[in-house]
Amino acid sequence: TTLFRSEDSMLETVLKAIDDLLSIIDRYKIKNVHPQVEDLKYLKKSLNTNDELSTREKFTLYQELFPPRGGLSDIHYWHNDFGTRKTVNEVISDSTKTIADYLLER
């Protein structure tokens with residue numbers, strides 16, 4: 001049962017990362033990530049309904065979320081206040097890493 005618990009907490013971590021990212025994208029009106037927003041919503045839905053994604057599906061989703069240009073890895077928030085900018089960008093960075101690690105099964 002320990003394995004199951006850690007899997008549950010990993011899912012909760014990934015779901016929180018998705019929610020944090022969607023919230024920041026919405027709150028700060030971050031543009032040019034509409035396809036990724038839809039992919040994040042799809043991933044969230046499948047995690048919430050316990051639809052087990054195959055390794056191939058996870059990798060495909062990873063490629064859609066993190067294309068060579070654009071996508072989640074290129075999201076950066078600019079704010080004149082350094083503290084605000086740093087805090088928001090740390091959440092973005094942590095969230096995208098969590099999602100990427102889950103999809104790449106790291």
Side-chain angles (χ1 to χ4, degrees):
T1 59
T2 3
L3 179 66
F4 187 71
R5 276 199 199 108
S6 75
E7 200 172 293
D8 275 357
S9 86
M10 184 187 64
L11 284 183
E12 285 169 24
T13 304
V14 174
L15 285 168
K16 182 181 180 331
I18 293 170
D19 286 341
D20 289 349
L21 210 47
L22 289 173
S23 167
I24 285 172
I25 290 168
D26 184 52
R27 185 178 332 137
Y28 298 111
K29 308 289 182 245
I30 295 174
K31 305 280 182 237
N32 304 323
V33 288
H34 184 73
Q36 286 79 17
V37 166
E38 294 309 307
D39 290 332
L40 285 171
K41 289 177 181 174
Y42 168 78
L43 176 58
K44 181 179 176 179
K45 187 177 144 247
S46 58
L47 292 174
N48 277 325
T49 56
N50 289 329
D51 286 346
E52 189 60 39
L53 294 171
S54 69
T55 301
R56 178 181 292 249
E57 287 172 314
K58 286 180 181 178
F59 188 68
T60 300
L61 208 45
Y62 173 82
Q63 290 176 314
E64 291 169 1
L65 289 169
F66 300 94
R69 285 195 183 62
L72 299 185
S73 43
D74 286 351
I75 294 179
H76 298 286
Y77 174 66
W78 175 259
H79 192 281
N80 286 332
D81 177 64
F82 175 76
T84 302
R85 183 172 70 235
K86 183 175 186 286
T87 302
V88 172
N89 283 316
E90 280 173 355
V91 173
I92 291 170
S93 178
D94 292 347
S95 297
T96 54
K97 182 182 181 335
T98 298
I99 293 164
D101 286 350
Y102 170 75
L103 293 172
L104 294 176
E105 300 179 348
R106 294 191 286 215

What do you reckon, is CG of N32 surrounded by more than 12 foreign heavy atoms closer than 6.0 Å?
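For N32, atom CG is not crowded (no more than 12 foreign heavy atoms under 6.0 Å).
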More than 12 heavy atoms of other residues, nucleotides or ligands under 6.0 Å from CZ of R56: yes or no?
no
Inter-residue atom distance [X].[atom1] - [Y].[atom2], 0.5 Å rounding:
X	Y	atom1	atom2	answer
T13	I18	OG1	CD1	11.0 Å
L11	N48	CG	CG	9.0 Å
D19	S95	CG	OG	9.5 Å
T98	R106	OG1	CZ	10.5 Å
K86	E90	NZ	CD	4.0 Å
I99	Y102	CD1	OH	11.0 Å

Please answer whether the main-chain N or O of R85 pairs with a side-chain N or O of N89 as donor and acceptor at a distance below 3.5 Å.
yes
Between the main-chain N or O of S54 and the side-chain N or O of E57, is there a donor-acceptor pair closer than 3.5 Å?
yes
Mind checking whether N80 and W78 have side chains closer than 4.5 Å, heavy atoms only?
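Yes, their side chains come closer than 4.5 Å.
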When you compare the side chain of I75 with that of T96, does any pair of heavy atoms fall below 4.5 Å?
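Of all side-chain heavy-atom pairs linking I75 with T96, none is under 4.5 Å.
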If you compare all heavy atoms of [X] against all heavy atoms of [Y], which two are closest, and at what distance to 0.1 Å?
X	Y	answer
V33	G71	CG1-O, 4.1 Å
L72	Q36	CD2-CB, 3.9 Å
K58	L103	CB-O, 3.2 Å
L61	L53	CD2-CD1, 4.3 Å
F66	S73	CD2-N, 3.8 Å
S46	L43	OG-O, 3.0 Å

Check this for me, if you would: do K16 and D20 make a salt bridge, where the nitrogen-to-carboxylate-oxygen distance has to be below 4.0 angstrom?
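Here K16 pairs with D20 in a salt bridge, since their nearest N and O are under 4.0 Å apart.
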Over 60° means perpendicular and under 30° means parallel, so classify the ring planes of H79 and Y77, tilted if in between.
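The arrangement is tilted - the two ring planes meet at 30° to 60°.
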What's the verdict on side chain to side chain contact (heavy atoms under 4.5 Å, CB included) for I92 and H76, showing C-alpha distance, side-chain angles and the deciding distance?
CA-CA 8 Å; I92 291 170; H76 298 286; over 6 Å; no
